Number of protein chains: 4
Amino acid sequence: MSQARKPNPARRSERSRRAVLDAARALVSEVGYAKVSIEAIASRAGVGKQTIYRWWPSKGAVIFDSFLELSRGEDGVRLPDTGDLEADLKTVMRATVAEFADPVFEAPVRALNLEIVADPALADAYREKLAGPVDEAKKERLRSAQRAGQLAADADLDLVLEVLYAPLHQRWLHRSGPLTPEYADALVEITLRAFAP
Amino acid sequence: MSQARKPNPARRSERSRRAVLDAARALVSEVGYAKVSIEAIASRAGVGKQTIYRWWPSKGAVIFDSFLELSRGEDGVRLPDTGDLEADLKTVMRATVAEFADPVFEAPVRALNLEIVADPALADAYREKLAGPVDEAKKERLRSAQRAGQLAADADLDLVLEVLYAPLHQRWLHRSGPLTPEYADALVEITLRAFAP
Amino acid sequence: MSQARKPNPARRSERSRRAVLDAARALVSEVGYAKVSIEAIASRAGVGKQTIYRWWPSKGAVIFDSFLELSRGEDGVRLPDTGDLEADLKTVMRATVAEFADPVFEAPVRALNLEIVADPALADAYREKLAGPVDEAKKERLRSAQRAGQLAADADLDLVLEVLYAPLHQRWLHRSGPLTPEYADALVEITLRAFAP
Amino acid sequence: MSQARKPNPARRSERSRRAVLDAARALVSEVGYAKVSIEAIASRAGVGKQTIYRWWPSKGAVIFDSFLELSRGEDGVRLPDTGDLEADLKTVMRATVAEFADPVFEAPVRALNLEIVADPALADAYREKLAGPVDEAKKERLRSAQRAGQLAADADLDLVLEVLYAPLHQRWLHRSGPLTPEYADALVEITLRAFAP
DNA sequence: TCATAATCGAGACGGTACGTCGCGTCTTGGG
DNA sequence: CCCAAGACGCGACGTACCGTCTCGATTATGA
């Protein structure tokens, strides 16, 4: 039998790992997700193809990892808490809108979304590693608001986040409308009205 | 100069067109969007590859067109209007939830979403040809509700639709939570509260 | 049954015929025999592909015909007859050598030879329509020499021509040596010695 | 710049090389030179197309190589030397005539000639690798005859070979006459008369 | 301390699909 | 009925990458 070779992570070359992830990120920005090939990543990284196949199961996984790498060290995300929920959320939402408007984020973030839609395993990893911590921070802020009586005490916080963010994400993904600060504000106002105490 | 040989649509073979679209639809269902190749479509359709390249710019466009074809004749979409907005919306939303739960729709609809995210041109076509008419029907129902005083008269109807549907779509796309009738109801209630007169 | 359609030559368009042959000749010179396509000939000639397929059985036949066309009117080829066979033959052979050295003849004549080697039907046509008349003129000169006692009376004239020309043709076809006036002379001398009375 | 990826011959797979050449030879015999495709060779050889393109520049080169392969080990070609030049040459020429009459040789040898006429590089390789050694053996026999006073001491041996063989080759290539033992004899006699001491 | 085993770069391999070219046939509309 | 135009099914082209598979040449322990 062809023994599912298990490489020994202890011997893994850190230098190669970084080179691969850096090359992956650069290529996604330059040519777009669909046109990135493992061959190109290996070549750009100065790495043998086998080294990639040894440590990652798919192109999507490599690129996903390259995003993960970016967000390392961003631990302890924390939302502003001035006591004024509406103001705080508008600050955050306006920042999100601005981020999406940045063309530098366009290619990689769209690539990330493609992977998530296409691959359930990556979707799981995304929720756990990337979205999870951020969502938790947001929910923490919402809980603080619940304690302050600015939000229905029995509101389903996951649902609140969906109502708040999903319209924005969809509009960006589908390019179905402009992403403006006013739009950010409107989403906050609507959400707060929907989940008012 | 880029030549851009323009085929003469008058001579286009209707038989080939149908065969290609049918084959495309079948293959997406059978093997999934990513694994469908133009070669396979041509072969299945009993058509030369050139015939596909002559009339469609990309695999995505073929598959997109195959969806379009499905929804032809569905003109005059019309939402129920019993006078009770909440009940009507819940009916519609529950139906939507059920549709998304149907494994037969899984592959093609996910494929459609991948195309839209990846290709602006297809996103435009989607909004105009597929989403547009349906959205218009929904907005018609909402306008009726506005006249009946069940919805804020100044509500931005596009926004209402986003708040109503985007959470559902996102949950499905990201597989980030269960799609239940209760979830459908919850979205309707929240939306109505947010946009109450 | 699919009736081997027999076109009516009476209705044939002379204008198209010329255009095709001219285009064929031009293309062989420009891109070489192998790279000439019927599609290109038709396009260059401003003629429908069917018109070519209607009147010629193959690409080779078209190109062959284009050579035939060139040699029309060259009727009554006649070799010089000064009474001195050796001098006359040297004149002719030197002219032949010079012709082969002309780069303008290179592509078409090589193409012609390729056709002849590859296609027995064209080889027959070649012998009958192109080589035949010329060979007959040569043999006429040789017969005159036989009468003058400069050549063995029982010499097989076809064989004489082969000994005279085949080495030259082969050297040119295989590029296996230089084609010089001295070479032409040498072939004449050898042949005359071989077939001396 | 033209990149010109150079594969590393050290890593070349001998098994693939043989399989390709064997397949090429078989296909030429079966369907004829013109109808052999690289795709068919690769498929028959159980080899990726890229493996062919990596090591050979053209279909002609593959097929040519397949002939070369056949003649390996045929080193030390040597003509009979009974002391009687005329008898020896007739033996050899009759054998050559018989060879050309063999339908098994028809397709491949004609293919070889087409390549040589069409491609100067292959013509060079032909002269060096295939014709060269054989010609050298023939010239060796002729030198022996010169020493024995059966041939002019100052005869240009390349020319002798041309006069001897070119008529035969041409007759076969152009199918312009029958190849009989008598024809072989006649060529020998003529040549000996032409180059008599 | 050194052999020894895994990882590394490189890249050849059998394949699949790409997007293009040309084949020979067929259809359309004009003269 | 011929003609120009050109769409059609088909087959092959030469290229790009896929994922697997050797190759030496470094490492980096653990005997």
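Below, read A as the first sequence line, B as the second, and so on, with proteins coming before strands; counting in each chain starts at 1. These numbers were taken from a predicted model, which means no experiment stands behind them. As a basis for the values below, the full set of heavy atoms in this structure was taken, side chains included, without hydrogen atoms, waters or symmetry mates.
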Problem - Short side-chain N/O contact to dC2(F) OP1/OP2 from Ser13(C), under 4.0 Å - result: no
Practice task
Kindly say whether Ala23(D) contributes a backbone atom to a donor-acceptor pair with the side chain of Arg44(D) at under 3.5 angstrom?
Solution key: no
Exercise for the section: Please determine if a side-chain N or O atom of Thr51(C) lies less than 4.0 Å away from the OP1 or OP2 oxygen of dA4(F). Expected result: yes
Exercise for the section: Heavy atoms only: give me the nearest Leu114(C)-Tyr33(C) pair and the separation to one decimal. Expected result: CD1-CD2, 4.2 Å
Practice task
With the side chain of Arg54(C) defined as its heavy atoms from C-beta on, choose the nearest nucleotide among dA7(F), dC2(F), dA12(F).
Solution key: dC2(F)
Handout entry: Between dA7(F) (C1') and Ile52(B) (CD1): distance, integer Å
Key = 14 Å
Problem - Under 3.5 Å donor-acceptor pair, Gln50(B) side-chain atoms to dC21(E) base atoms - result: yes
Practice task
Figure out the CZ/C1' separation between Arg18(A) and dC8(E), and round it to whole Å.
Solution key: 19 Å
Completion exercise
Closest non-hydrogen contact found for Leu173(B) with Arg110(B) is O-NH1, 2.9 Å
Practice task
Output the single nucleotide from dT20(F), dC13(F), dG9(F) whose closest atom is nearest the side chain of Val47(B).
Solution key: dG9(F)
Practice task
Answer with yes or no whether Lys49(A) presents, from its side chain, a donor or acceptor under 3.5 Å of a partner atom in the base of dG9(E).
Solution key: no
Handout entry: Trp55(C) side chain near dC3(F) phosphate (N/O to OP1/OP2, under 4.0 Å)
Key = yes
Practice task
Please confirm whether any donor atom in the side chain of Arg11(B) sits under 3.5 Å from an acceptor in the base of dT28(E), or the reverse.
Solution key: yes
Problem - Exercise: identify the closest heavy-atom pair between Pro9(D) and Pro7(D) - result: CD-O, 3.2 Å
Exercise for the section: Would you mind classifying the nucleic acid contact of Arg12(C) as base, sugar-phosphate or nothing, using non-hydrogen atoms under 4.0 angstrom? Expected result: sugar-phosphate
Practice task
Taking all non-hydrogen atoms of both residues into account, name the closest pair between Ile52(C) and Val20(C) and its distance.
Solution key: CG1-CG2, 4.0 Å
Exercise for the section: For dG14(F), take OP1 and OP2 only and decide whether either is under 4.0 Å from a side-chain N or O of Trp56(D). Expected result: no
Exercise for the section: Verify the contact: side-chain N or O of Ser16(B) to OP1 or OP2 of dA7(F), cut-off strictly under 4.0 Å; return yes or no. Expected result: no
Problem - Interatomic distance where CG belongs to Asn8(D) and P belongs to dT22(F) [whole Å] - result: 17 Å
Completion exercise
Between OH of Tyr53(C) and C1' of dG24(E) the distance, given in whole Å, is 5 Å
Problem - Closest to the Glu39(B) side chain, choosing from dA17(E), dG14(F), dC18(F) - result: dA17(E)
